[in-house]
2 protein chains.
Amino acid sequence: MEKEITIYDIAKDMGVSPTTVSRALNNHPAVNAKTKKRIYDAAQEMGYQSNIFAANLRKKKTNNIGVIVPRLNSNFQSSVIAGMEKVANEAGFNLVISQSLDSVEKEIANANTLFNSRVDGMLVSLANTTESIEHYNRFFKKGIPTLFYDRVADHPACTGFVIDNTQAGYKVTQHLIEQGCKRIVHVIDNIDINVYADRLKGYKYALLDHDMPFDESLVIFSNLSEESAEEIVEQVKKLDPLPDALFISNDACAASCLRPLKLAGFRIPEDIALVGFNNEISSRLVEPNITTINYPGYEMGELAMKNLINHLEGKSIGVLSKTNKITLRSELIIRESSLRKKYSPQPT
Amino acid sequence: MEKEITIYDIAKDMGVSPTTVSRALNNHPAVNAKTKKRIYDAAQEMGYQSNIFAANLRKKKTNNIGVIVPRLNSNFQSSVIAGMEKVANEAGFNLVISQSLDSVEKEIANANTLFNSRVDGMLVSLANTTESIEHYNRFFKKGIPTLFYDRVADHPACTGFVIDNTQAGYKVTQHLIEQGCKRIVHVIDNIDINVYADRLKGYKYALLDHDMPFDESLVIFSNLSEESAEEIVEQVKKLDPLPDALFISNDACAASCLRPLKLAGFRIPEDIALVGFNNEISSRLVEPNITTINYPGYEMGELAMKNLINHLEGKSIGVLSKTNKITLRSELIIRESSLRKKYSPQPT
DNA sequence: CACCTTTATGAAATCGGTTGTATTTTAAAA
DNA sequence: TTTTAAAATACAACCGATTTCATAAAGGTG
């Protein structure tokens, strides 16, 4: 390959110093407007490309933001990342993305890689098996802003963006109770993850507030995948007495349960009311449409990135360090799958 | 912040030269095993972190791979990226991802940003409005391997990973014809994109091979979003005579059409057979299940990344430069939505 | 016209690894 | 013990932009 053009080449060509070239190209006020123009044009013409390594080396900044997600090919996560990318892109930051595939080891390895590649900030959604966040200590210590979202840890250093999962769980359960459901099954993933723990909490609170007993056997654990639907329905069928509602913590999984449920002879919502979570497209496609919680992933991504960048640019010193949780609004979207009383409010 | 530990600090501490430290940490064969161990331990203990900028500056390599996609929050694209990330991660490369949001301007801007950040290689799926790929000339000229996938351009420099969209379009159409369909509507996005142009070609070829006329009014253009389903159905209803099959180039869109079609009084597949594309979860959720083409996104991502990395590591000199298209196997998955003859072969 | 600002430019050190070449040490051969 | 090859280590020049501090030129004031 041909040798790269540097500011030294430009400087020599134009009879000025590299300093001036550097300043001119960075639009430094101390350089004469005419000189700037001349240098800029020359750089253009010579096909100059700034060498970020050198600049980074000197400035100790990368303009890169590291992102760690459990998996990229999830409806929710890809929305979040889309939102992040949009904001980052507009602000001139790059996204360096890696996935933990829900493995702590991979998460740690990725965190280290990103640390070593000197990202300016971090956005993290924890793997479902991650219990400690000490592998982020290096970031904390070095003052690299590290924000968490969705799946956050219960740790003072862990500033995070979440929805109020307890409230959401409460709302869903309350809605089902209002629809006359007496035995509500709640399907969740790992209880160690805040989102599921909180939803379960909301579920319990709602039962309590309506003087209904909490029955442990009605909580089913599942990885909430499309494939696990069959097994969930199997477990449901074995319950005695049978439940009259299913609150499944993921739309795609809830939608996938619909067919096996029908095949087993259940009418939805008459025999069993069904509620999902996330407001994914799948909840809108199936019949009946599935009641769900709107989980604003794209907005969460935008907001998290906005805050991170503001922080990096010094526009909000202290805001994040003093905050621990930023909660986004979520809402119950009532659809056919849980509407057992036709006069019920806001049937969307 | 405290000052960083450098190889010079380590060197001074241990009474060796920075050269030896550098070599030791890079496991260079010319350093004595014992020395290596000592240096490595010392580095560990002192909390040394290698400065990639300095290394990059010297080595002229980043270990970063740039990715440009139309949008991240799409089922197909997020699968592709998940596959890419997995392979890249294992090989020690980072992914720098940006989305064009289907705007040429943004695509050009992103390409420039990635070029300036000196990625070692590029993986690109073009925006639907991109006609020229001259904004990748800088990469070509500089010898930065740049691969395209899915949405590729018809250009000699454009090595790409694709499925045989013509064949897929042909297979679908042929299948519909075999099911007795006479008027098949084909819904696609921008004809300038290879994937849609090719599918349409396959559609035409199949008609031709079965002595059926090509009727231009049966080709409907749409952005294939969930929201556009209503409008597609509206257009279909206006056709006279009515069609008896819909071949929609995207599962989510096809699935979204199902309800409006039913509401309009069409029985699926008796009145209208329905076929989608991509084998997304949505095609499996709805009733009837939708016949589709399996489009292996994850595998495409893996394969594209593998090839790129092999190329970067010099393991396959020339393979890519001599290749123009690498075609992945795709297959027709026949489901209820198009099965009008019960004795039809391979009902999956 | 001497003196003080303001504006513009430059010299040189710096960021921290990497690597070609030279030098020293060690081991093996004579 | 001397010679010679091999192994281990060191020197010093890079990579290319940034930035502090110094200096020169231009402009303004009494």
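This one's a predicted model, so the numbers in the text were calculated from it and none came from an experiment. First the proteins, then the strands, lettered A, B, ... as listed; each starts at 1.
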Distance-only side-chain donor-acceptor flag, Asn27(B) / Lys36(B), under 3.5 Å: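 Yes - a donor-acceptor pair under 3.5 Å links their side chains.
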
Rounding to a whole Å, what distance do you find between [X]:[atom1] and [N]:[atom2]?
| X | N | atom1 | atom2 | result |
| --- | --- | --- | --- | --- |
| Lys60(B) | dG16(C) | NZ | C1' | 16 Å |
| Arg118(A) | dG17(C) | CZ | C1' | 11 Å |
| Lys12(B) | dT9(D) | NZ | P | 21 Å |
| Ile7(B) | dT9(D) | CD1 | P | 15 Å |
| Tyr8(B) | dA13(D) | OH | C1' | 11 Å |
| Lys61(A) | dC15(C) | NZ | C1' | 16 Å |
| Leu57(B) | dG16(D) | CG | C1' | 6 Å |
| Asn27(A) | dT18(D) | CG | P | 13 Å |

Considering only [options], which nucleotide approaches the side chain of [X] most closely?
| X | options | result |
| --- | --- | --- |
| Asn32(A) | dA8(C), dG16(D), dA10(D) | dA8(C) |
| Lys59(A) | dT19(D), dA17(D), dT19(C) | dT19(D) |
| Asn51(A) | dA17(D), dT9(D), dT18(C) | dA17(D) |

How would you label the contact of [X] with the nucleic acid (heavy atoms, under 4.0 Å): base, sugar-phosphate, or nothing?
| X | answer |
| --- | --- |
| Asn26(A) | sugar-phosphate |
| Phe53(B) | nothing |
| Val16(B) | sugar-phosphate |
| Ala30(A) | base |

Residue mapping more 5' on DNA chain D - nearest nucleotide basis, Pro18(B) or Arg58(B):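 Closer to the 5' end of DNA chain D: Pro18(B).
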
Let me spell it out: for each of Val31(B) and Ala54(B), pick the nucleotide of DNA chain D with the closest heavy atom. Which residue's pick is nearer the 5' end?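 Nearest-nucleotide comparison on DNA chain D picks Val31(B).
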
Is there a donor and acceptor pair closer than 3.5 Å between the side chain of [X] and the base of [N]?
| X | N | result |
| --- | --- | --- |
| Arg23(A) | dT20(D) | yes |
| Thr35(A) | dT9(C) | no |
| Thr19(B) | dC11(D) | yes |

Is it true that Arg151(A) and Asp102(A) make a salt bridge, defined as a side-chain N closer than 4.0 Å to a carboxylate O?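 Between Asp102(A) and Arg151(A) there is a salt bridge, with a charged N closer than 4.0 Å to a carboxylate O.
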
Reckon [X] has a side-chain N or O less than 4.0 Å from the OP1 or OP2 of [N]?
| X | N | value |
| --- | --- | --- |
| Thr6(A) | dG16(D) | no |
| Thr20(A) | dT9(C) | no |
| Ser22(A) | dT18(D) | yes |

Are the aromatic ring centres of Phe139(B) and Phe115(B) under 6.0 angstrom apart?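 Aromatic pair counts; centres sit under 6.0 Å.
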
Any sub-3.5 Å donor-acceptor pair from Thr113(B)'s side-chain atoms to Ala109(B)'s backbone N or O?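 Yes; at least one donor-acceptor contact below 3.5 Å.
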
Tell me whether the NZ or CZ atom of Lys141(A) lies within the 45° cone about the ring axis of Tyr136(A) and under 6.0 Å from its centre.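 No, cation not above the ring by the 6.0 Å, 45° rule.
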
Does NZ or CZ of Lys60(B) lie under 6.0 Å from the centre of the six-membered ring of Phe53(A), at an angle within 45° of the ring axis?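 No, cation not above the ring by the 6.0 Å, 45° rule.
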
